[in-house]
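Only one structure is covered here, and it is reproduced in the block below.
The residues of the chain are indexed from 1 along the displayed sequence.
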Amino acid sequence: GKPTDGLGYVKLSGFAVDAGREVRGAISALQKNAQEGKLSALILDLRGNPGGLLTSAVEVAENFLPPNSEVVSTRGRSDEMTLQYRTKRAPILRPETKVIVMTDGRTASAAEIVAASVQD
């Protein structure tokens with residue numbers, strides 16, 4: 001959409017080390033260009049995203065979820081091998097901003113984790 005219509009679009013093609021920072025920067029720029037600095041909705045396009053680093057998925061999810069939200073957990077054969085990945089930072093989006101996550105048959109791995117965590 002136009003910068004002033006309150007609709008933002010972010011395409012993420014992979015989860016490299018700096019994916020969370022890049023998404024945060026893109027959202028921040030969209031908010032600055034939106035009328036009154038407020039986005040009414042954001043489209044996060046993960047179509048064709050093969051995934052990448054699990055830690056980067058958590059950092060991307062931080063842009064949308066409250067601090068200390070569980071994004072994903074891994075379970076091993078013993079309790080000591082169970083890990084929880086939680087958000088640490090405050091989200092950049094206001095809670096009332098609608099988020100649309102686009103996926104397709106080629107969306108995998110870390111991209112699926114982000115899509116599921118934002119949906120919940």
- Steps toward side-chain contact (heavy atoms from CB on, under 4.5 Å) verdict (R94, K38): CA-CA 8 Å; R94 295 173 304 126; K38 297 178 182 176; 3.4 Å; yes
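- Put simply, OG on S13 and CZ on R47 are 12.5 Å apart, with the number rounded to the nearest 0.5 Å.
- Taking the side chain as every heavy atom from C-beta outward, L30 and V10 approach each other to under 4.5 Å.
- Using a 3.5 Å distance cut-off with no hydrogens or angles, the side chains of T107 and D104 do pair a donor with an acceptor.
- A side-chain donor-acceptor contact under 3.5 Å links R86 to the backbone of N68.
- Counting only heavy atoms from C-beta outward, the side chains of N63 and R89 never approach each other to under 4.5 Å.
- Closest approach of Y9 to L42, counting heavy atoms only: N-CD1, 4.1 Å.
- By the 4.5 Å heavy-atom criterion applied to side chains, K88 and E59 are not counted as neighbours.
- Looking only at side-chain heavy atoms (C-beta outward), T97 and S40 stay at 4.5 Å or farther from each other.
- Connectivity analysis of hydrophobic side chains (ILVMFWY, heavy atoms under 4.5 Å, direct or indirect) links V17 to L53.
- Around the NZ atom of K11, the shell of radius 6.0 Å holds more than 12 heavy atoms that belong to other residues, nucleotides or ligands.
- The CD1 atom of I43 sits 6.5 Å away from atom CE of M102, with the distance rounded to the nearest 0.5 Å.
- The OG1 atom of T82 lies 12.5 Å from the CZ atom of R77; values are rounded to the nearest 0.5 Å.
- Within the 4.5 Å cutoff, the side chain of L12 has heavy atoms near those of the V23 side chain.
- In this structure, OG1 in T74 is found 8.5 Å from CE in M81, a value given to the nearest 0.5 Å.
- Here the closest heavy-atom approach between residue V71 and residue A61 is recorded as CG2-CB, 3.9 Å.
- Taken from CD in E70 to CG in L65, the straight-line distance is 11.0 Å, to the nearest 0.5 Å.
- Between I27 and F64 there is a side-chain heavy-atom pair separated by less than 4.5 Å.
- Scanning both residues, S56 and A19, for their nearest heavy atoms gives CB-CB, 4.3 Å.
- Atom CD1 in I92 sits 11.5 Å away from atom CD in E62 (nearest 0.5 Å).
- With sequence neighbours left out, the salt bridge (charged side-chain N to carboxylate O under 4.0 Å, His left out) criterion links R21 to D18.
- Using a 4.5 Å heavy-atom cutoff, the side chains of P67 and P91 are in contact.
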- Message: For V114 and V101: C-alpha separation, side-chain torsions, deciding distance, then whether side-chain contact (heavy atoms from CB on, under 4.5 Å) applies.
- Response: CA-CA 9 Å; V114 169; V101 181; 5.8 Å; no
